[in-house]
2 protein chains.
Amino acid sequence: MSELSTATATPVPTLKFYLREGLLHAGERTSPNQAQYDESHINRVRLVRALIDVGGLPVARAAEVVSAMQRDDLPVHSVLGIAQRAVTERLAPSSAPEEESPSGTGRRLIDELCARRGWRVHRENPGLAMAARVLDAYVALGQDALLEALDAYADAAELVARADLAAVAAAGERSRGDRTEMVDVVIVGTVLGDALAAGLRRAAQEHASLERFPAPDLDHDRQDTPC
Amino acid sequence: MSELSTATATPVPTLKFYLREGLLHAGERTSPNQAQYDESHINRVRLVRALIDVGGLPVARAAEVVSAMQRDDLPVHSVLGIAQRAVTERLAPSSAPEEESPSGTGRRLIDELCARRGWRVHRENPGLAMAARVLDAYVALGQDALLEALDAYADAAELVARADLAAVAAAGERSRGDRTEMVDVVIVGTVLGDALAAGLRRAAQEHASLERFPAPDLDHDRQDTPC
DNA sequence: CTCATGTGGATAGCGTAACTATCGATAGTG
DNA sequence: CACTATCGATAGTTACGCTATCCACATGAG
């Protein structure tokens, strides 16, 4: 186990904790108090740490995700749904089980958006509720200007979704349709993709901000080295 | 105060807590133990709750954000930076103060991306580090297919960033350049925009997934009503 | 005038999440 | 055979976001 610990830069107590929580499958027993861990455990720990540290998933969600990955009976499509739910509930710990929006305006805008773009999406898709909440907040805060950005956001979402699916397809081709490979891409892409998109958004925002309001010379304390 | 509480659907003890934490400015005193709260307090509470509940900011970050909003000396551009830092540190609670990536591959890819697209961005932009972490994770997990999606993500980021800045400009025009109006848009757009983008991404993913792998009839337990 | 109710201010407590520390009974290792 | 490591269990720790309680006082209905 200490090998596994050094290989993954994870303290032993944490590994034990992950074992308890079902994030990590048990090693192969060689005696009542000894077990052998292999490559699969290393990869699993790396995946789990990426989901938690980089993707920001709570441990319990990560456990759901990995257990879904292991179930061979689930179609890839369903695994996507589980990953989506996991990563969505990180950002929006919805209070009520079945939350009713105060006005429903956000939800209406989202439904109209889907219709406008011909998106075929289940009504229960967690992203729809999430987006609707944001729009409700925009309305409540009187941010009409931001509401007008909705279609641009949808364009962007289509762009990344197509890229995501292309990545899944590419992995599928490379592995000749191996399910676990494709599921891996779906999980990692769904969970970490949010963070990637958010990070790039910050960079693009700064770039766009400098282009539009060219007055960057106020922060003299930091290097003006452009990236 | 109970008025404020009912107007914002927030328990009184929570309002007191927000006052303590500097999220809410004190009311105008009418006597040693009485204060008058006005519209600005209602708006502030709504904003704070949106940042925390919808945007997922920790209370401490939200406090930084609102204090930056109130400082009239800061240019709008710097407020954007503060908002970016606040929302980034939510998703990536970076352990070390100055974190060095294990390999630096992710950072190199990001720098190349910026150069390729001509993005002028400070090296310290929190989004760059965030994106670099994700790419490092992709590399560590052997997800080359996802690395190839990077440019599509950058395209999408440009799209939303342009829309964000357009919203700021629109608000600026409507208010004839009123600083607080523009700052409001920047804060709300930066913090909640992530959630909106993430939500729409889920919907677009499901749509794209159904288009590419048309086998949706396995989840009989849920309504197949398309949105 | 009085007294229940509400207020602001301070301090302490609670519940969850994610670890972290310790313990006891072994089990390989030099 | 001493010594470190392991497994499993239980308990403790830290951080966060509230929530509860207490107090002295201030209104305002009766």
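So that the names make sense, note that chain A is the first sequence line, chain B the second, and so on, each numbered from 1.
Between Asp38(A) and His41(A), the side chains place a donor N or O and an acceptor N or O closer than 3.5 Å (distance only, hydrogens not considered). Under 3.5 Å, the side chains of Arg202(A) and Thr88(B) contain a donor-acceptor pair of N or O atoms.
If you take CD of Gln36(B) and C1' of dT7(C), they are 12 Å apart, rounded to a whole angstrom. As a whole-Å value, the separation of Phe17(B) CZ from dA10(C) C1' is 14 Å. Whole-Å rounding puts the Glu3(B) CD to dT5(C) P distance at 19 Å. Rounded to whole Å, atom C1' of dG8(C) lies 13 Å from atom CG of Leu24(B). To the nearest angstrom, P of dA18(C) lies 9 Å from OH of Tyr18(A). In this structure, Tyr37(B) atom OH and dG6(C) atom P are separated by 15 Å, rounded to whole Å. Between the CG atom of Leu19(B) and the P atom of dT7(C) there is a distance of 13 Å, rounded to whole Å. Taking atom CG of residue Leu15(B) and atom C1' of nucleotide dT7(C), one finds them 13 Å apart after rounding to whole Å.
For Arg29(B) and dG9(C), the shortest distance from a side-chain N or O to OP1 or OP2 is below 4.0 Å.
Residues Thr30(B) and Pro58(B) each lie close to DNA chain D; by heavy-atom proximity, the contact nearer the 5' end of the strand is made by Pro58(B). Summary of the strand contacts: Leu57(B) and Lys16(B) both lie near DNA chain D, and taking for each the nucleotide with the nearest heavy atom, the more 5' one is attributed to Leu57(B). Toward the 5' end of DNA chain C, the nearer of the two residues Pro32(A) and Arg20(A), judged by each one's closest nucleotide, is Arg20(A).
Residues Met69(B) and Asp184(B) form a side-chain contact, since some pair of their non-hydrogen atoms from C-beta on lies under 4.5 Å apart.
Taking only side-chain atoms of Gln34(B), from C-beta outward, the nucleotide of dT7(C), dA27(C), dG9(C) with the closest atom is dT7(C). For Ser31(A), whose side chain is taken as the heavy atoms from C-beta onward, the closest listed nucleotide among dA18(C), dA27(C), dG8(C) is dA27(C).
One finds the CZ atom of Arg44(B) at 13.0 Å from the OH atom of Tyr37(B) (value rounded to the nearest 0.5 Å). Here the CH2-CD1 distance, from Trp119(A) to Ile110(A), works out to 8.0 Å after rounding to the nearest 0.5 Å.
By the 6.0 Å contact criterion, CD on Gln70(A) is enclosed, its count of non-hydrogen atoms from other residues, nucleotides or ligands being greater than 12.
Ala26(B) comes within 4.0 angstrom of nothing in the nucleic acid, heavy atoms only. Nucleic acid contact class of Arg61(A) (heavy atoms, under 4.0 Å, all strands): none.
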**Item:** From CA spacing to verdict: salt bridge (Lys or Arg N to Asp or Glu O under 4.0 Å), Asp111(A), Arg123(A)
**Value:** CA-CA 9 Å; Asp111(A) 288 345; Arg123(A) 293 198 57 78; 3.4 Å; yes
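Protein chain B touches strand DNA chain D; the 5'-most and 3'-most nucleotides with an atom under 4.0 angstrom of its non-hydrogen atoms are dG17(D) to dT27(D).
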